[in-house]
Amino acid sequence: MIEIRNLKVHLGEFRLKDINLSIEEGEFFVLMGPTGAGKTVLLEAIAGLVPILEGKISIGGRNVTRMTPEQRGVGIMYQDYALFPHLTISRNINYGLRYQGVGTRESAEERFDHLVDELGIGHLLKRYPETLSGGELQRVALARALMVEPRVILLDEPLSALDQSFREEIRLLLKQLHRNSRITFFMVTHDFSEALTLATKAAIMNNGAIVQTGTIRDIFQRPSSSFVANFVGMKNVFPAVFHGTTAHIETITIEVPRPHQNSNGHIAIRPEDVVISLKPLRSSIRNSFSGTIIGIIDQGFLYEVHVRVQDVVFKSLVTKGAAIDLGLDIGMDVRILFKSSALHIF
Amino acid sequence: MVKKGPFYWISFSCGIMVLTFILLPLVEMLTAPSGAMLRETLKDKNVIHSIWLSIYTAAAASGIAFLVGTPLAYVLARTHFRGKHFIESIIDLPIVIPHPVVGIAILGVAGKNHWLGQFLYELGIRIMGSTTGIITVLTFVGMPFYINALKAGFESISPRLENVSRSLGASMWSTFIRITFPLAWRSVLVGLIMCCARSISEFGAVVVVAYHPMIAPVLIYERFEAYGLKYSQPVAVWLVLVCLSLFLALRILALPRKKAS
C-alpha cells in the first residue's frame, strides 16, 4: 500500500536518510522513536507537505512523490488536532467534502451521520473548537479526516495531549475505527502500550533513519540493536562473548538459546522476564544466580529491583504485592532466574 | 499598602511627561479655532477637496498595498530562503529614507529622462503633479507598514491548519481563501489602517512630486506659509477629526469579538 524507497529529506535541522518502508493495505502501522528522530517529518513527507530530496513514495501502486498533498488521498491528524478555529464543528467535519467527486452528496450525508454517531459528537456540531475539551477535539479531528475517505490516515501522536482517562477511550475508538474500515493507519507514538494494543507492525526510528521494522512482537522481543533494545524497554542489555550455546557477561556464564554467529555480541532480556526468589528453585531454569539487591525504584504498580550479580547489575520488575511477600529490601541476598528462551542475542 | 519605591515614581512621572508631550499640542490645536471658524472653513471648497483627496489617495495606496503586498507578506511569513533578510530590509527601506528624498527618487524614474518615465508618458500616465503621482508616493511610503503587520499576522497562524486543509483535498489557493485569509483578516485590517495612517500623514515626499492637486497636509502648509498659524489651524482640525473618526471606526471593527459558545 505505502512503499517508501530510499527517501531522503533535508528540512532545517532534520535529516531523513535512506528511509525504506513498506506498509500493507489496511494495516495499523506504528512509528516509534525518541524526540527529534524525524518521525513527524517522515509523516509530512508521506502527506506531501515537505520537499523530498531523493527517493520515491508510492501509495496504492501510484507514484505520488511529485504529487501535491491534495492529490494523494492521505489524511493527516496532528497532536494539537489543528481544527479550524473559525468554523463550527459541523463545518470542520464537512470541510473536505467539496473537493470530493460529484454525485456523492447523499452518501456523504450518510457518512456524516454515521461518523457523528460512531464518534459520539452529535451534541457538538454547532459549537466552535475553542469550547471543546481535548477528547472532543480529538474525535472531531478524526471525523474530519475520515469524512473524505482517505486511503491512508497519518496520526501524529494522537493520544499524547490527552488525559489518561480519555486516552484509553480514544485508543479503543481508534481500534474500532480501524477494524470497521479498510483505511491504512500510520501512527507516530511514544507510548509502548499504545503500540502494543493497536499496531500489527512497527518501525523504530532514530536520528533520521529507520533502525528496525517488523511485527510488534519481533520489535519488543527481538531488538536488532542495543539502541532498539534500550528504547523498547529491554533494560538489561549487556555486551557478551559467545562460545556455542554459552555466553559470558564479564565473569558470569549464561546459557543462551542458540549459538551467535560472532563471538562478540549483545545479550538482552526484558526486566519482567527476570524472576527474583529467596532460595534456589527446583525448576528447569538453568540460568540462576545469587546476588544482592542494590536498589529498588518505585514505578507505580511495580518496583524495578536492581540486583548485583558479581559485577553485573540485572533489573527485574516485581509487583508491589510480591515485593512485600518476599520482604525485598536493599542489601538483601536473593537469587535471580531467567529462561534461556527469554534471552535475546544480537 | 506596599510602599512604592523610586522606580515606580520615575516610571510614573515619565509616563505623565510623555502623555502631556503628545496631548498638549494636539488639544491646544483642536481647541484653538472657534466653532464659527470651523464652520466657515467647511464652506471652503479647497479645504473639502483637499481632505477628500487625502482620504481618497491614502485609500487607493492601501488598496494597492493590499493587492500586491498580501501575497508577498504570505511568502515572507511561510518560507525560509537565503537572502530573505535582505528582501525584508529592502521592504523596510521606505521607512528610513527621509521623505523629500523619496519624492526626489520617484521623480528620478518618473521623469522623461528615464526610460520608465518615457514609457509612462507614452501611455499617457503622468506622475509629476498628478493624483497618480500622489498615490505612487503614498504607496511607496505606506507599503512596508502593511506588509510587516500582515506578515506577523500570517506567522501567528499555525501552518498545520493549512497542512490539514491540503490533506483534505483543498488546493493551495483554496486553502488560502478558506483558512489563512479568514484567520488573518484582523491583521489585514490593522495593516491597512497602519498603511492608510502613514499615507494620510505624508507631506515631504508628496510636496516634491505633486504640489498640486493639493492634499490636506500641503494645503495646511500653504495656509500656514501664506496666512499664518490661525488660518491653518481650522483645516488641521478637520483633517485630524476626519482621520480619527475613520481610524476609530476601523479599529472597532478590528477588535476581537467573543464568539457565541
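Keep in mind that the numbers below use all heavy atoms, side chains included, and drop hydrogens, waters and symmetry copies. Chain letters run A, B, ... following the sequence lines, proteins first and then strands; every chain starts at 1. None of the values given here were measured: they were computed from a predicted structure.
- One finds the CD1 atom of A:I153 at 8.5 Å from the OG atom of B:S167 (value rounded to the nearest 0.5 Å).
- Around the NE2 atom of B:H85, the shell of radius 6.0 Å holds no more than 12 heavy atoms that belong to other residues, nucleotides or ligands.
- Of the atoms belonging to A:D156, it is side-chain heavy atoms, and not backbone ones, that fall under 4.5 Å from chain B.
- Of the two parts of A:E44, only the side chain, counted from C-beta on, holds a non-hydrogen atom closer than 4.5 Å to a non-hydrogen atom of chain B.
- A:T68 is not listed as a side-chain neighbour of B:S171, based on a closest heavy-atom distance of 4.5 Å or more.
- Contact of A:L49 with chain B is made through the side chain alone, with heavy-atom distances under 4.5 Å.
- Smallest separation of non-hydrogen atoms from A:D80 and B:R160: OD1-NH1, 3.5 Å.
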Item checked: Test side-chain contact (heavy atoms from CB on, under 4.5 Å) applied to A:F84 and B:R178, step by step -> CA-CA 10 Å; A:F84 307 131; B:R178 290 183 74 193; over 6 Å; no
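- The two residues B:S174 and A:Y99 come nearest to each other via the heavy atoms OG-OH, 2.5 Å.
- The two residues A:H86 and B:L183 have their closest heavy-atom pair at ND1-CD2, 3.5 Å.
- Within a 6.0 Å radius of CD in A:E24, other residues, nucleotides and ligands contribute 12 heavy atoms or fewer.
- When the shell of 6.0 Å around CZ of B:F81 is examined, it contains more than 12 heavy atoms from other residues, nucleotides or ligands.
- Between B:I179 and A:Y95, the closest heavy-atom pair is CG1-OH, 3.3 Å.
- With a 4.5 Å cut-off on non-hydrogen atoms, A:V148 touches chain B through its side chain but not through its backbone.
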Next item on the list: Begin with the C-alpha distance, continue with both residues' side-chain angles, and end with the deciding distance and a verdict on side-chain contact (heavy atoms from CB on, under 4.5 Å) for A:Y78 and B:V164.
Entry: CA-CA 8 Å; A:Y78 285 107; B:V164 168; 3.8 Å; yes
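- Your options are B:P159, B:S158, B:P182, B:S165, and the one with the most heavy-atom pairs under 4.5 Å with chain A is B:S165.
- When heavy atoms are compared at a cutoff of 4.5 Å, A:A145 approaches chain B solely by way of its backbone atoms N, CA, C and O.
- Within 6.0 Å of atom NZ in A:K56, 12 or fewer heavy atoms from other residues, nucleotides or ligands are found, so the atom counts as exposed in its surroundings.
- Interatomic distance, A:L43 CG to B:N163 CG, rounded to the nearest 0.5 Å: 10.5 Å.
- Only the backbone of A:L83 comes within less than 4.5 Å of a heavy atom of chain B; no side-chain atom from C-beta onward does.
- Contact count against chain B (heavy-atom pairs under 4.5 Å) is highest for A:P69 among A:P69, A:A141, A:G48.
- Atom-to-atom distance recorded for A:N94:CG and B:L168:CG is 11.0 Å, nearest 0.5 angstrom.
- Using a 4.5 Å cut-off between heavy atoms, A:R98 touches chain B through its side chain atoms alone.
- Residue pairs satisfying the side-chain hydrogen bond (donor to acceptor under 3.5 Å, both in side chains) criterion with at least one member in residues 49-69 of chain B, sequence neighbours excluded, are absent.
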